[in-house]
Every structure is written in structure tokens, then in C-alpha cells.
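Residue numbers run from 1 in the order of the sequence given.
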Amino acid sequence: TCCTSCGFGCNGGYPSAAFSYWKSKGVPTGGLYGDTQTCQPYFLPSCQHHGQGSGEPCPATVDTPECKKTCQDGYPKTFDEDLTFGSSAYSVQDSEEAIMTEIYDNGSVEAAFEVYEDFMNYKSGVYRYLTGSYLGGHAIKLIGWGYDEEAKAKYWIAVNSWNDGWGEKGTFRILKGEDECGIESEIVAGTPKIDTYFLE
């Protein structure tokens, strides 16, 4: 909400710009709605987005919250004291091997891909685009990879932000090594400044 160059708030944005903002300006700690142990917990309660679950359906539209440079009441640090920074922010080469190496060496990466109508109905298995109109771009987190014997297909394991009632408990698998829906073309990552996480 505070990065004016990162995109359009709740209407989407640019992952590479968000990582650069983390490195140059820092971001406060956050958590789930109602969390009292972080500076700025998420502003909405958990809801069901494109899936089945125990919570209420998400609102159709959400206004982007105002940029606030304060922590929630009762939190023991000031906003500036709480900020964490990245030591690096970078793009990862759009090759299967480079992405695997990055995940193996440094942990999860952020990816952006093209969403089509059939993705909205994903339940399980290795996703590949089959039918439907283009709906827009979407950013997710890649955390690993594997091979599905039944489908005879390599896949990336991705974490979505929609809820744990969608897909495979909030995750999905997407075809790996063929840049399916552009999944391997816009990989960004970064490393934290470790001292900002451990100073008391």
C-alpha cells in the first residue's frame, strides 16, 4: 500500500518492484488478521476465494487500504524499529535449472503467470492450460518441484493466496519445463538482511 511504483494495490502489481521496495525502503512485520505479535497484520479476515471452505466468501471487490507508517496499538516497537529489509532483490533466469537451483539454495521464489478460465476450476493434479479465455496475470510462490507418474509430467509446486479450500489445500501443481502460461518467465527472488530479523 505504501509503494507507489509497485502497481495498483489490491488490483495487482509488479513483483520485481515489490522486492526492490523491500530492499530500499523496508517492510513491517505482518501476520494473519487479528495477529497481535506483528506490526501490521493483514487487514481482512480469512475468506473463501474461488474455492470451498469453512469461511465466508470473499468480497467481490476490496479497496486498497491507506498507507500507514504506524504499528497496531499495543505493539512494542515503532514502525521504523520494526522494518525489515532485503539485502538483495533480483530476477532469476527463465530456465528450469536456474529456478530449481534458486529454490534449492535460497528457498521459495515468486512467479507470475497467465490465468485462464480453466484454472479457476482447478482441483488437483498437474495443471496445464486446456480451454477458456485469458483472465489476467497472477503472482504466486514456487516452493518445489516433482514428477507425477500418472500424468507423466514434471511439475512445480506452487502456493496460491486464495485459501486452503482451493486446489490441493491452497497449493497447486503446474507443468514444469515448458514455461506453461509463462510460469518460468518472470521469476523474482531476494535475500533478507539477516541482522534486521534478529536485533532485539
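The structure places CD1 of I183 at 12.5 Å from CD of E96, a figure rounded to the nearest 0.5 Å. Rounding to the nearest 0.5 angstrom, the gap separating the CG atom in N121 from the OG1 atom in T131 is 10.5 Å. The CZ atom of F85 sits 9.5 Å away from the OH atom of Y21 when rounded to the nearest 0.5 Å.
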**OP:** Run the numbers on R173 and Y127 for side-chain contact (heavy atoms from CB on, under 4.5 Å), then give the verdict.
**Re:** CA-CA 6 Å; R173 292 175 289 155; Y127 173 78; over 6 Å; no
Original post:
Would Y90 and E102 count as a side-chain contact (heavy atoms from CB on, under 4.5 Å) if you check the C-alpha gap in whole Å, the side-chain angles of each, and the deciding distance to 0.1 Å?
Top reply: CA-CA 11 Å; Y90 48 89; E102 180 64 28; 2.5 Å; yes
**OP:** Kindly determine whether T78 and T70 satisfy side-chain contact (heavy atoms from CB on, under 4.5 Å), including the steps that lead there.
**Re:** CA-CA 7 Å; T78 67; T70 57; over 6 Å; no
Original post:
Do L44 and Y42 pass the side-chain contact (heavy atoms from CB on, under 4.5 Å) test, and can you show the C-alpha distance, the side-chain angles, and the key distance before you say yes or no?
Top reply: CA-CA 6 Å; L44 288 175; Y42 198 61; 3.9 Å; yes
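Other members of the cluster containing V159 are V126, I143, Y155, I157, L175, with ILVMFWY side chains joined at under 4.5 Å, either directly or via other members. In this structure, Y147 stands alone, with no Ile, Leu, Val, Met, Phe, Trp or Tyr side-chain heavy atom under 4.5 Å from its own, directly or through other members.
Between the side chain of E168 and the backbone N or O of G125, at least one donor-acceptor pair lies under 3.5 Å. Here the side chain of E117 pairs a donor or acceptor atom with the backbone of S133 at under 3.5 angstrom. Side-chain atoms of Q72 come within 3.5 Å of backbone atoms of T38 as a donor-acceptor pair (strictly under, hydrogens ignored). Proximity of a side-chain donor or acceptor of D148 to a complementary backbone N or O of A153 within less than 3.5 Å is not detected.
Side-chain contact between C6 and Y14 is absent, with no heavy-atom pair separated by less than 4.5 Å. Between I103 and V109, some side-chain heavy-atom pair lies under the 4.5 Å cut-off. Considering only heavy atoms from C-beta on, C58 stays 4.5 Å or farther from W162 through its side chain. Residues Q40 and F79 are in side-chain contact: their nearest non-hydrogen atoms beyond the backbone lie under 4.5 Å apart. Inter-residue side-chain proximity for W145 and M100 is flagged as met; some heavy-atom pair is nearer than 4.5 Å.
Dense packing is recorded around CG of D105, with more than 12 heavy atoms of other residues, nucleotides or ligands lying under 6.0 Å away.
Sorted by first and then second residue, the side chain to side chain donor-acceptor pair (under 3.5 Å) pairs with a member in residues 134-144 read H138-N160; sequence neighbours excluded. Every pair passing side chain to side chain donor-acceptor pair (under 3.5 Å) that includes a residue from residues 177-192 is listed here, sequence neighbours excluded: S87-T191, S88-T191, W156-E184, D179-S185.
The two residues E81 and K77 come nearest to each other via the heavy atoms OE1-CA, 3.4 Å. When all heavy atoms of D118 and R128 are compared, the closest pair comes out as OD2-O, 4.0 Å. Residues S5 and A17 approach most closely at O-CB, 3.7 Å, considering heavy atoms. Nearest heavy atoms, A158 versus I140: CB-CD1, 3.8 Å. Among all heavy-atom pairs drawn from K23 and G86, the shortest one is CG-O, 3.3 Å.
Aromatic ring centres of Y129 and Y116: separated by under 6.0 Å. W166 has its ring centre less than 6.0 Å from the ring centre of F119.
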Only pairs under 3.5 Å count here: list side-chain donor-acceptor contacts from residues 24-32, not counting sequence neighbours, and write none if there are none.
residue : atom : partner : partner atom : Å
S24     : OG   : S20     : O            : 3.1
T29     : OG1  : C39     : N            : 3.0
T29     : OG1  : D82     : OD1          : 3.2
T29     : OG1  : D82     : OD2          : 2.9

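By the disulfide (SG to SG under 2.5 Å) test, C10 is found to be paired with no residue, residues two or more places apart in sequence or in another chain being considered.
Cluster membership for Y104 and L142, using ILVMFWY side-chain heavy atoms within less than 4.5 angstrom, is shared.
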